[in-house]
Amino acid sequence: MKLLKSAIVTAGVLLLSGCADITKDKETVFVEELLKRMTLEEKIGQMNQVNWNGNYSHVKKGMVGSVLNVTNINELIEMQRCAVEESRLGIPVLISRDVIHGYRTMFPIPLGQAATFNPELVEKGARVAAIEASSDGIRWTFAPMVDISRDARWGRIAESCGEDQYLTSVMGDAMVKGFQGDDLSSPTSIAACVKHFVGYGAAEGGRDYNSTGLTENVLRNVYLKPFESACSAGAATYMTSFNDNDGIPASANEFILRSVLRNEWGFDGVVVSDWGSIAEMVPHGFAENRKSAAMKSVNAGVDMEMESRSYIENIAELVNEKKVSERDIDNSVRNILRLKYRLGLFENPYVDPNSNVVYAPDHLQAAKQAATQATILLKNNNRTLPLNEGRIKSVTITGPMAHAKHDQMGTWSFDGEKEKTVTPLEAIGDMLGDKIKIIYEPGLAYSRDNDKTGINKAVKAAQQTDATIVFVGEEAILSGEAHSLSNLDFVGAQSELISALTATGKPVVMVVMAGRPLTIGNEIDKCDAVLYSFHPGTMGGPALADLIFGKAVPSGKTPVTFPKTVGQIPVYYNHNMTGRPANRNETLMCDIPVEAGQTSLGCTSFYLDSGFDPLYPFGYGLSYTTFEYEGVKLNSVNFGKNDIITAVCTIKNTGDYEADEVVQLYTRDLVGSINRPVRELKGFKRVSLKPGESKEVTFELPVSELAFWNRNMQYAVEEGEFHLWISPNSKSGQPVSFRVD
Ligand code: GLC
């Protein structure tokens, strides 16, 4: 500690005396002064992140730069005290945790938060998480996850913001701002960690940790976009991904880590590996041993190693053997010390163990609002919803997710407490228990339950009541890391439960809680109305109760395409046209004449058994009201590359509920030096409209936003004709045309 204090004093003296280059800020002077005092072993210690193991002696020796998963506040305080008071230089430890969609107050999973198309709400959720997590001493979270996810087989789609790079960029930036706040040194700010860098969501077959084969062009035009945006948003750290892309594991990929992240984007924060991803280069077959793996990662630019200890065990030797330069070690340690300085840890390393901000009323209210707006109305035949307590005198509540306190929180809910979850059963009981008759029969105990004996009880209840609400989907464990699926139908006997309930002839409302889109078209066809809430978190029950009984109106939109069958995957809206696009008049298998001639069906790109279209397109969601979109007006039909396109559309609420609509702006570049997507989201706005009310929605789109990485790997707007839509989803609407010259 003494040495650290003298570094602070020296830095101050240098600044005051003017000896230090006054253009260098305090931060640089402080970091350089401290770095000068460090031994090689202490530098390597800063590059070592430990999964907390209670080993205080390593902390005292300066061998630990960061820890994750310290869940006992007293251990956390003692560990920090050892670092600050007993290590030679007194450098604080950076305490980290996976605070992905809430700390104690759980918000909807990120895929659900993306469905809100409400970045302000998402930023609020991240701010709440930061306030709660930092009150327990956590100052670094491993979020946002901005992996573009076009494959619902991949369990980690639950943690993503979906398939679109624009939406993911907007939501990722919102989370960075929410976690980091206005001032990273504030005690309630936590460093964001943009992950997983890069291309992880393109794992072949949707099987987690699998290889990816992304070209530079696809990387730059799709997968890198949200990461680049987050850098501009000020993200403090990045995490490398598990996948090898084009044969190179991300933790040793100097192209993305040095050429792109550092040199092109100017990132000066910390790059941390994923859990064990450096040592895993040995099973990858990319390094013969852990020492070689450590060398490859240091040389590629990974500053800190999470958990697998190859750095702490090998870097000193690698430096002595000149296989790794101490210059690179110094740069990594600078990044780490700079981050700790920016977090204010040197002045304020300790947490107040008596702060108690978790589950504050405004936190729970924000979580409820997020769950409300994250819920998508997929179907509402005969205006079944909202259920009207005046019309409905009795209701059956059933299904394995009706009262699933643990599973409702979804994946990555490490610090959520299931006792605090308010389920739909509880919320509907609280809201209407004294007004209508409620019969609760779970039907199935959990989503994978194949014991059908409870189904009859649920059916008998349904026969006695005016309507049935069946809550189905996935247990939390069925999505998230290492939880890929090759079949996306309902698990267990849920499909049988839904068939039996709908056979009663009574109105059936299906509510799905899942970590991904499921291929449940058959069950949806049988139900009268369907709400999709992903995993809605702590306050999912009150949110769903409000939506089902009309105290709130659904406004969520699909952040990812819903496939009809798993065989359609990968399926996403911003695909290329191909040379033989489907015309939707194709003959499906059930209509093919016997002995049909080889080319009699035409030759277009579709599936004989499931056609071309998905179950639901990206950006889709209904309301209890209806909206009319008038024609789009542009300020011109000819634009230069420095112009701004002004697109206006009048939206009218033609129904009888006040409601929000997420109005979406899409463009298409009709001809490019490489094939361009059939649509690209370029903006969205949430508008509130009273029944009968109209509003003009205006988008200002700089022509520069039409740039892409072209055939010559230049980022440029290419001249030519474009289409533009303002529409309620990625599939509907009529385009208007304009040119760029
Ligand atoms: C996991 C995940 C990563 C997480 C880290 C720490 O394996 O891939 O997203 O932040 O390890 O738990």
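The figures here come from the full heavy-atom set of this structure, side chains too, leaving out hydrogens, waters and symmetry mates. All ligand and atom numbering here is 1-based and tracks the order in the structure. Only a predicted model underlies this, so the values are computations on that prediction, with no experimental measurement involved. In this chain, residues are counted from 1 in sequence order.
If you number the atoms of ligand 1 from 1 as listed, the ones under 4.0 Å from a heavy atom of K195 come out as 3 (C), 4 (C), 9 (O), 10 (O). Of all atoms in ligand 1, numbered sequentially from 1 with element shown, those under 4.0 Å from a heavy atom of F242 are 7 (O), 8 (O). Of all the atoms in ligand 1, the ones that sit under 4.0 Å from a non-hydrogen atom of F142 are 10 (O).
Residue, atom and distance of the protein heavy atom nearest to atom 2 (C) of ligand 1 are E481 OE1, 3.1 Å. For atom 10 (O) of ligand 1, the nearest non-hydrogen atom of the protein is D98 OD1, 2.5 Å. Nearest non-hydrogen protein atom to atom 11 (O) of ligand 1 is D274 OD1, 3.1 Å.
Because its NZ or CZ atom is both nearer than 6.0 Å to the ring centre of W412 and within 45° of the ring axis, K195 counts as a cation-pi partner of that residue.
Under a 4.0 Å N-O distance rule, the pair R334/D268 does not qualify as a salt bridge. Under 4.0 Å is where a charged nitrogen must lie from a carboxylate oxygen, and between D330 and K43 at least one such pair does.
Aromatic ring pairs are classed by plane angle as parallel below 30°, tilted from 30° to 60° and perpendicular above 60°; the pair F346 and Y341 is tilted. Under the 30°/60° scheme for interplanar angles, the aromatic rings of Y573 and F618 are found to lie parallel. Ring orientation note: the planes of F242 and Y209 are nearly perpendicular, at an angle over 60° on the 30°/60° scale.
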| field | Step-by-step side-chain contact (heavy atoms from CB on, under 4.5 Å) determination, R516 to L488 | value | CA-CA 9 Å; R516 50 162 60 87; L488 300 181; 3.7 Å; yes
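Proximity of M239 to ligand 1, defined as any heavy-atom pair under 4.0 Å, is confined to the side chain (atoms from C-beta onward). The part of R156 lying near ligand 1 is the side chain, judged by heavy-atom distances below 4.0 Å. The part of M306 lying near ligand 1 is the side chain, judged by heavy-atom distances below 4.0 Å.
For ligand 1, none of its N or O atoms has an N or O atom of E159 under 3.5 Å away. For ligand 1, the polar-atom distance check against W275 finds no nitrogen or oxygen pair separated by under 3.5 Å. Note: no N/O pair closer than 3.5 Å links Y200 and ligand 1 by distance alone.
Checking side-chain atoms of E132 against main-chain N and O of Y359 turns up a donor-acceptor pair under 3.5 Å.
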